[in-house]
Amino acid sequence: MSDLKIIALQAENLKRLVAVHIRPDGNLVQITGKNGEGKSSVLDAIWWALDGTANIQAQPIRKGADRATIRLDLGELIVTRTFKAQGDGGYTTAITVEGADGSRFSSPQKMLDGFLGALTFDPMEWLRMRPADQYTAMRAFVPGFDFDAFDRQQRGDYERRTDLGRQQREAEASARTILLPEGVRYEAVDEDALTAELARAGEHNASITERTHRRADVTEQVKVHRSEAEQLRKRAEDHEAQAAELQRKIDGAAALPNPIDTDALRAKITAARATNAQVRMQENKATHESRASALAAQCNELTENIAARERAKAEAVAKATLPIEGLTFGDGVVLFKGLPLDQASDAERLRVSVAIAMASNPKLKVVRIRDGSLLDEDGIELVAAMAAERGYQVWLERVDSSGTVGFVLEDGMVKGAPVPEPIATAAHGSVPTTTRSTSAKLREAQGADPDGTGRRP
């Protein structure tokens, strides 16, 4: 199926429209008139005819009518959507799609969805989006690249890297608070061994003291016994014998060892504790430095992951066919000529947004612009030139009170155009009497238009 454009649009009783029949004869189709005359209804008719029921408003049927119809002639296809009012204030809708030979498609909406692009993409609305939303809308032009996974992984690594960097700085700060002499390397001393040696020395010295006291006691006993021997001659021999035996033992006892210097041992323990404190500080500092180094390595790895994904994204974007030269993706924003799009001139931004809208509709070459009144003459000329250059049809709505520009809407009809014949479809059936009567009266009042378009010069 070749590229499609709108050959003719006909709508009856839709929103503010009574009956319109528009046959565009150029790439720029301007729908003009005062506010409240039905301009927006014309653009909605295009959307509702093609884009399913999800975006149709709650009351698409004109007040006072019980049916509404849209007929869109796309050359190779003719799309007709009908609306019928229900007693509860709601409505039903049906759609048919016919080929140029009169054949009908059994699944009309599914068939339309297969070749329609983003018909809802309005260049002016896109320009008003936040940069982040513009970025999201542009993702469709880079097929095969998972932007959601990219954003999720990048965000996770950024947060993880930030946390690791904080931990790294804390570890480095902790290491810096531990001050050690330059060039000194401390070795740990076994304090427990020294303490045990001190305990053994204490026991040894206590034993010597006890034995000294015992020997002193024995010597005293010798004196007592000798004194008693003098006083008690009857027991002198016994006492003398006991004294001699005790003396023999004393004389035969080994010399007492020299006492151990416990003050020296205590000094050693004090020095060991000081040395071991330095060792612990040394080990603590090394631990902090090692952890800081490991954290830095993890940060570097995350940085490389982030950069690798950025390169993959850049490669995917480079391979993609973007709507206009100079357009690319930044970090969550759309870039044009290397700068964020919101820094571009108004003309450049308009050119970009229109190019995106056209690229979003590669098969149905139709673009809708609601807020055409925001464009000055230069902007309108730019849009017209792009439409002609790229073979697109731009339907542009703008407020204009002169009545001399494009298709002028007045009271729900094209001003100066003959009243179109009612749309007859299998879904619609015959037109209600009220509609026929209204059409007849309007025809009589307005007369006929030679070319049947109602378009103003």
Side-chain angles (χ1 to χ4, degrees), residues 5-26 29-50 57 59-75 78-85 91 93-96 98 393 395-457:
K5 296 180 184 177
I6 298 174
I7 307 301
L9 166 65
Q10 191 169 353
E12 295 174 357
N13 296 324
L14 187 80
K15 290 181 67 178
R16 290 183 177 273
L17 299 180
V18 177
V20 297
H21 187 189
I22 297 175
R23 284 186 171 275
D25 58 0
V29 185
Q30 297 195 62
I31 308 299
T32 67
K34 299 178 181 179
N35 287 323
E37 300 294 337
K39 301 185 302 300
S40 297
S41 301
V42 172
L43 269 65
D44 282 340
I46 299 173
W47 185 7
W48 295 354
L50 299 171
Q57 294 174 359
Q59 296 196 4
I61 302 173
R62 184 172 63 88
K63 186 176 182 180
D66 59 3
R67 293 177 183 272
T69 308
I70 308 167
R71 185 176 187 273
L72 204 59
D73 185 350
L74 302 176
I78 297 176
V79 181
T80 305
R81 180 176 291 280
T82 58
F83 301 87
K84 183 178 180 180
Y91 66 89
T93 182
I95 185 173
T96 62
E98 300 174 272
Q393 194 180 67
W395 289 65
L396 184 145
E397 172 194 343
R398 59 187 294 210
V399 176
D400 182 87
S401 301
S402 69
T404 62
V405 179
F407 294 92
V408 181
L409 269 291
E410 186 176 82
D411 294 329
M413 301 184 70
V414 178
K415 184 177 180 180
V419 178
E421 290 292 338
I423 303 172
T425 68
H428 190 296
S430 60
V431 178
T433 304
T434 53
T435 303
R436 294 183 183 277
S437 174
T438 301
S439 298
K441 290 179 179 179
L442 287 170
R443 286 179 180 280
E444 292 174 1
Q446 295 179 353
D449 182 65
D451 58 10
T453 66
R455 182 163 185 182
R456 297 294 181 177

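No experiment lies behind these values; they were computed from the predicted model shown. Numbering of residues begins at 1 and proceeds along the displayed sequence.
R16 meets the side-chain hydrogen bond (donor to acceptor under 3.5 Å, both in side chains) test with no other residue; sequence neighbours excluded. Contacts of R398 classified as salt bridge (Lys or Arg N to Asp or Glu O under 4.0 Å), with partners at least two apart in sequence or in another chain: E377. Q393 meets the side-chain hydrogen bond (donor to acceptor under 3.5 Å, both in side chains) test with W395; sequence neighbours excluded.
Taking a 6.0 Å sphere around NZ of K5, one finds it holds more than 12 heavy atoms contributed by other residues, nucleotides or ligands.
Shortest non-hydrogen contact noted between S401 and K34 is OG-CG, 4.0 Å. Residues P24 and I7 come closest through the heavy atom pair CD-O, 3.4 Å. In plain terms, the two heavy atoms of P422 and Q10 that are nearest each other are C-NE2, 4.3 Å. Across every non-hydrogen atom of A85 and I61, the tightest pair is N-CD1, 3.4 Å.
At a threshold of 4.5 Å between non-hydrogen side-chain atoms, the residues V399 and K39 count as touching. Side-chain contact between I78 and R71: present, with at least one pair of heavy atoms (C-beta onward) separated by less than 4.5 Å. Residues I70 and L9 form a side-chain contact, since some pair of their non-hydrogen atoms from C-beta on lies under 4.5 Å apart. Here the side chains of T96 and T82 are not in contact, with every heavy-atom distance at 4.5 Å or above. The shortest distance between side-chain heavy atoms of F83 and N13 does not fall below 4.5 Å.
At least one donor-acceptor pair closer than 3.5 Å links the side chain of T32 to the backbone N or O of V405.
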